Structure formats: structure tokens, C-alpha cells
Number of protein chains: 2
Amino acid sequence: MLISELNRSLALVAWHFGPKGLNGQCCGDLSMPEFIALEKVSSARDCSVQAVGDCLGFTKSGATRIVNRLEKKGYVEKRKSSQDGRVCCVVITPKGEAILKQVDRQYLQQLEALQSKMPPAVVPEIGPVIIALAGAIKG
Amino acid sequence: MLISELNRSLALVAWHFGPKGLNGQCCGDLSMPEFIALEKVSSARDCSVQAVGDCLGFTKSGATRIVNRLEKKGYVEKRKSSQDGRVCCVVITPKGEAILKQVDRQYLQQLEALQSKMPPAVVPEIGPVIIALAGAIKG
DNA sequence: CCATTTAGTTGACGATGTCAACCTTTTTTC
DNA sequence: GAAAAAAGGTTGACATCGTCAACTAAATGG
């Protein structure tokens, strides 16, 4: 037992919900990083290309590429900022909003399916724990 | 708010602890899938190449490749099975055991650092929730 | 004993992200 | 206010990584 139970579980959960876990695709033709990027675009006002890259830990070059991919798929649009001519504001399209809603439903269904296999006592704790972890990561 | 708080958090946590989150490397020269593969090898007796692939959701081709990478780095060895000449038993080396222990320490430290930023009430729930989630995924 | 199945490997390929060099626009500095 | 520095973004070359399909070798079953 070289790896503690907690770490083994954490890795499994991260892998399951991560890039390769859900058949390499979150939903439809959206990969995991594309989903995170799209969510960022949907929730940030006047979202620059680099802001997208930052939330993924990508270089600005990688940021350009993932935004371009989302644009080609019709989920976002790039608009030159009126305040700063260097900046591209990335904006979500209606098609992008639709697929985000769809992913949300699918994820929640996934979680519900898992909950039915878990001891009932821990089920109400899932939300608070995950949200607190995410808060700590961001903070 | 197209994506629920829970899903947003879940994606962030998966990304943070996943392939790209920790600088693309779990620890040293070990990528996330390599870590999972090595952990599998360390805990399974007479672990075949395909067993490694299965725990990652890889094809047998991908399994060969990740085992070869681990072998080149000196973390595992391949031995022809004495029972079945087709099968390669993948065995962890002392060097592989050492890095696993090191990753375990680093992960636990990471978690501790996060815990200090979380509301104290949820901290004791982290372990049970993560382990229960992992159990539900496996089951 | 030959046909089928199974474990594993390999070449070609596509997807994805980095690095470095570059252009453009803004900000700083003197 | 003009030159220099900095910042946002793009692009070509490249490395990594996993899949697909074709292959070899070993086991299994009529």
C-alpha cells in the first residue's frame, strides 16, 4: 500500500471526471478543456483570449488555439475590443449556451447515478465538499 | 449561470488534480496517466499490460505505450509470464516505489494546504466523500 | 492439426499544447 | 511627443500522446 486510500480515490475521481474519463468527451463534441473554456467565457464579462488560457493554465498560444477551436465549432465568437485594440473579447453564442446547458444536465445525471451507489450518509456532504475544495483551489 | 455551482466546482477540482492541473506533472517526470498506471502496477499482482490499459480506459495499443514509457523511465519492468507466454507481467521497480511514495506525500501536502483554506466544518468530510465517490465509480 | 482467439507490438495518423518569433496596439519614459 | 518597452494575439515548427489497423506469437478448441 504505497499510496494512501485518499490519494488513490482522488486520482480516480479526477480521472473519471477529467479529460479522458468520460470517453474523452464531456458531451457532444466538447472536450474537457473546451468545456472549461466555454464555461469561463459564459460567466466572464468581456472575456479575453488570455483569460481563457489562464483558467486552464495554458500559454497564450494554447489559449488562441482552444478559442479558435470553439469558434470553428460555433460555440463562441471573437470581437475586437472597443476599449483596447489588442484585445479580443470572446463571446458565447446561443449554440454555445445550449450545449453548456446540455452538459450541465448530463453531469448532474451522472452524479445522481453515483449517489445511488453511495452510503446515504455521505450524499448530502458531496456538494459542500466539492464546492469548498473548488473555493480553496481558486482562493 | 448556465452551469450549476456543483458542476463548475467538480470540473475545477478534476482539472486541478488532473492531467494539466499540477503543471502537467503529478510529480517529477510522472504524468497523471503514468501515475495512475504505476499505482495500478504497484497494487495488482501479476499485472498484465492490458490491465494497466483497462484502469485508464486506454486501448491495448495505448497500454503498451504507457507501460513502455514507464519502463524507459525505470519505474517498471516487463517480464514474460511463466504461465502464459503471451502475457507480460508488469512489475514495479524500487525506483518506481520510491516515486510513488514521494507523490503520495506531495498529494497529501497539497490537500492539507487546501484544507487550511476551507471552512473547518467540511474538512472532516473530504475523505469520506472522495472515497465514497471513488467507490461508486468503481462499483 | 488447423482454426480461432487472445496478448502484445508497431507504423501511420490526428489531436493538442508549447516554444519562439512575429505583428499590432497600448503604455511608459525621457 | 517620439522612441522604447510592454502586452494581447497569431502562427509555424515541434513534441507528446493515444487511436486505428495490421501484424506476430502463443494458447485453446474442435
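What you see is a predicted model; the values in this text were computed from it and never measured. Just the heavy atoms: all of them, side chains too, but no hydrogens, waters or symmetry mates, feed the values below. Naming: A, B, ... by sequence-line order, numbering from 1 per chain.
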Does the separation of the ring centres of Phe17(B) and Phe17(A) fall below 6.0 angstrom?
no

Hey, would you say the Phe35(B) and Tyr75(B) ring centroids sit under 6.0 Å apart?
no

Among [options], the one nearest [X] by side-chain distance:
X        : options                   : result
Glu34(B) : dA6(D), dT11(D), dC17(D)  : dC17(D)
Cys88(A) : dT25(C), dT10(D), dG8(C)  : dT10(D)
Ser48(B) : dG8(C), dT25(C), dG12(D)  : dG8(C)
Val87(A) : dA27(D), dT26(C), dG9(D)  : dG9(D)
Ser61(A) : dT25(C), dT16(C), dA20(C) : dA20(C)

Pair of N/O donor and acceptor under 3.5 Å linking [N] base with [X] side chain:
X        : N       : result
Arg86(B) : dT9(C)  : no
Thr64(B) : dT10(C) : no
Arg65(A) : dG12(D) : yes

Please report the distance, rounded to the nearest Å, between [atom1] in [X] and [atom2] in [N].
X        : N       : atom1 : atom2 : value
Lys72(B) : dC17(D) : NZ    : C1'   : 13 Å
Gln83(B) : dT28(D) : CD    : P     : 11 Å
Trp15(A) : dC17(D) : CH2   : P     : 11 Å
Gln50(A) : dA7(D)  : CD    : P     : 10 Å
Leu56(B) : dT19(D) : CG    : P     : 9 Å
Asp54(B) : dG8(C)  : CG    : C1'   : 13 Å
Asn68(B) : dG8(C)  : CG    : P     : 11 Å
Asp29(A) : dG14(C) : CG    : C1'   : 16 Å

Taking only Lys NZ, Arg NE, NH1 and NH2, and the carboxylate oxygens of Asp or Glu, determine whether Lys73(A) and Glu71(A) approach each other closer than 4.0 Å.
no

Electrostatic pair Glu77(B)-Arg79(B), nearest N-O below 4.0 angstrom:
yes

Any side-chain N or O of [X] under 4.0 Å from OP1/OP2 of [N]?
X        : N       : answer
Arg69(B) : dC17(D) : yes
Thr59(B) : dG18(D) : no
Lys60(A) : dC19(C) : no
Lys78(A) : dT10(D) : yes

With Ile36(A), the side chain to side chain contact (heavy atoms under 4.5 Å, CB included) member among Glu34(A), Lys40(A), Met32(A):
Met32(A)

In terms of the nearest nucleotide of DNA chain C, which residue is placed more toward the 5' end: Ser82(A) or Gly62(B)?
Gly62(B)

Examine distances only and state if a side-chain atom of Asp46(A) and a backbone atom of Cys89(A) form a donor-acceptor pair shorter than 3.5 Å.
no

At under 4.0 Å between heavy atoms, what does Gly85(A) touch on the DNA or RNA strands: base, sugar-phosphate, or nothing?
sugar-phosphate

